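Single-structure report; data block below.
The structure displayed is predicted, hence computed values, not measured ones.
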Amino acid sequence: MAMASRKSLWLAALALAFSACAGAGHAGGSDQTDRPLGVVELFTSQGCNSCPPADALFAELAAKEDIVALAYHVDYWDYLGWQDTLSRKENTERQYDYMRAFGSRSVYTPQAVINGRVHVNGASRGEVDGALARLAKTGEGMRVAIKVSRTSDRVMIDAGDAGTGPSDAHVVIVYFDPPQTIKIGQGENTGRKMTYWNAVTGIQTAGMWHGKAQRYELPMSEISKKGGCAVLLQSVGKDGMPGPILGAAFIHKP
């Protein structure tokens with residue numbers, strides 16, 4: 001009975017996530033303003049036996065309309081016997097950049113970085129939810145509104161005014177894959193079949209934001225050929241390390 005209940009909850013989460021993605025299919029010219037609760041960046045690996053609980057929690061987060069959830073598969077556990085099919089060197093580099101930004105001495109999985117400000121155990125629902133709520137309460141949530149609109153050939157990203165606080169940030173475009181179910185053949189998770197959501201495939205900087213309302217344009221052709229896409233308004237330190245995320249939104253395909 002408990003297994004059936006868990007299966008029902010899992011299927012419901014999948015349906016919600018598909019619904020959130022499908023909700024992008026409005027008529028041309030429609031727009032959306034996103035000021036989500038927060039951004040969750042999960043650093044995970046198919047070869048880490050501590051990661052499946054975090055991947056399952058992440059699937060639930062990815063189904064929430066008020067969370068921008070992005071999964072970065074890293075490659076440093078590949079030596080354990082299974083090469084993560086979704087890992088990218090750039091994902092590992094982003095995690096190391098966060099490590100230096102936080103003044104940490106090592107990286108780990110599953111690590112969840114919340115709003116670019118704090119990191120917690122990505123398998124702990126209490127720690128993830130607690131960090132999101134705490135940052136929102138202290139004004140360290142998504143304080144800059146991001147409005148996404150489109151025409152037949154382009155996507156417009158409108159970033160709002162800063163108000164108080166940091167006033168310089170990069171406009172970061174993050175591409176990710178649609179959900180994929182993968183059977184793991186070797187390593188610590190041998191025999192598991194896992195569905196992975198929002199696995200990041202690429203990151204690019206589209207421009208700079210200086211605290212005032214500004215518009216950025218992307219060709220629709222670039223967005224359409226990707227599985228999914230999000231925009232992060234992320235401050236960057238003088239040393240080039242990633243800092244607080246001030247605003248975020250999904251860029252939906254037509």
Which heavy atom in [X] sits nearest to a heavy atom in [Y], and how many Å separate them?
X: Arg88; Y: Val200; answer: CD-O, 3.4 Å
X: Ala145; Y: Arg35; answer: CB-NH2, 3.3 Å
X: Phe250; Y: Ala69; answer: CZ-N, 4.0 Å
X: Asp75; Y: Ser87; answer: CB-OG, 3.8 Å
X: Pro53; Y: Ala123; answer: CB-CB, 4.1 Å
X: Gly160; Y: Trp209; answer: O-NE1, 3.1 Å

All salt bridge (charged side-chain N to carboxylate O under 4.0 Å, His left out) counterparts of [X], not counting sequence neighbours:
X: Glu127; value: none
X: Asp97; value: Arg100
X: Asp161; value: none
X: Arg134; value: none

Could you work out, with ring pair (Phe, Tyr, Trp, His ring centres under 6.0 Å) as the rule, every residue matching Phe102, not counting sequence neighbours?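 Phe102 satisfies ring pair (Phe, Tyr, Trp, His ring centres under 6.0 Å) with Tyr98, His119 only.
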Are the side chains of Gln95 and Val113 in contact, using a 4.5 Å heavy-atom criterion?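 SC-SC contact between Val113 and Gln95 ruled out.
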When you compare the side chain of Pro110 with that of Leu42, does any pair of heavy atoms fall below 4.5 Å?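 They are in contact (side-chain heavy atoms under 4.5 Å apart), so the answer is yes.
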Spacing of [X] atom [atom1] and [Y] atom [atom2] [to the nearest 0.5 Å]:
X: Leu233; Y: Met208; atom1: CG; atom2: CE; result: 9.5 Å
X: Ser235; Y: Met241; atom1: OG; atom2: CE; result: 12.5 Å
X: Ser149; Y: His252; atom1: OG; atom2: NE2; result: 12.5 Å
X: Gln214; Y: Ile157; atom1: CD; atom2: CD1; result: 11.0 Å
X: Leu70; Y: Glu41; atom1: CG; atom2: CD; result: 6.0 Å
X: Gln186; Y: Gln46; atom1: CD; atom2: CD; result: 12.5 Å

Please answer whether the main-chain N or O of [Y] pairs with a side-chain N or O of [X] as donor and acceptor at a distance below 3.5 Å.
X: Asn198; Y: Ala71; answer: no
X: Asn115; Y: Val39; answer: yes
X: Arg117; Y: Ile245; answer: no
X: Tyr216; Y: Val155; answer: no
X: Thr44; Y: Cys51; answer: no
X: Ser124; Y: Asn121; answer: no

Got a sec, which pairs hit salt bridge (Lys or Arg N to Asp or Glu O under 4.0 Å) with one end in residues 209-219, sequence neighbours left out?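 Applying salt bridge (Lys or Arg N to Asp or Glu O under 4.0 Å) to every pair that reaches into residues 209-219, excluding sequence neighbours, yields Arg154-Glu217, Asp158-Arg215.
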Under 3.5 Å, which donor-acceptor pairs do the side chains of residues 170-182 form with other protein atoms, sequence neighbours left out?
residue : atom : partner : partner atom : Å
Tyr175  : OH   : Gln204  : OE1          : 3.2
Asp177  : OD2  : Gln180  : NE2          : 2.9
Thr181  : OG1  : Thr195  : OG1          : 2.8

Under the side chain to side chain contact (heavy atoms under 4.5 Å, CB included) test, which residues partner [X], sequence neighbours left out?
X: Met194; value: Pro52, Asp55, Ile184, Arg192, Tyr196
X: Glu188; value: Asn49, Leu80
X: Ala199; value: His73, Leu86
X: Lys238; value: none

Assess the residue pair Ile251 and Leu218 against the criterion (side-chain contact (heavy atoms from CB on, under 4.5 Å)); give the C-alpha distance rounded to whole Å, side-chain angles, the decisive distance to 0.1 Å, and a yes or no. CA-CA 10 Å; Ile251 303 175; Leu218 296 174; 4.3 Å; yes
Are Val236 and Met99 co-members of a hydrophobic cluster defined by side-chain heavy atoms under 4.5 Å apart?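 No: no chain of side-chain contacts under 4.5 Å links Met99 to Val236.
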Over 60° means perpendicular and under 30° means parallel, so tell me whether Tyr72 and Phe43 are parallel, tilted or perpendicular.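 Rings of Tyr72 and Phe43: parallel, under 30°.
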Tell me, with the steps shown, if Thr151 and Met156 meet side-chain contact (heavy atoms from CB on, under 4.5 Å). CA-CA 8 Å; Thr151 64; Met156 285 78 71; 3.7 Å; yes
How does the hydrophobic cluster around Val128 look, that is, which other residues are in it when side-chain heavy atoms under 4.5 Å mark a link?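 Traced through the cluster, Val128 reaches Leu37, Val40, Leu57, Leu61, Ile67, Ile114, Val118, Val120, Leu132, Leu135.
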Set out, in order, the CA-CA distance, both residues' side-chain angles and the distance that settles side-chain contact (heavy atoms from CB on, under 4.5 Å) for Asp84 and Asp78, then state yes or no. CA-CA 6 Å; Asp84 190 310; Asp78 290 356; 3.8 Å; yes
Could you go through the side-chain contact (heavy atoms from CB on, under 4.5 Å) check for Asn189 and Trp82 one step at a time? CA-CA 9 Å; Asn189 292 318; Trp82 176 255; over 6 Å; no
Is it true that atom CH2 of Trp77 has more than 12 heavy atoms of other residues, nucleotides or ligands lying nearer than 6.0 Å?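 Not buried by this count: 12 neighbours or fewer within 6.0 Å.
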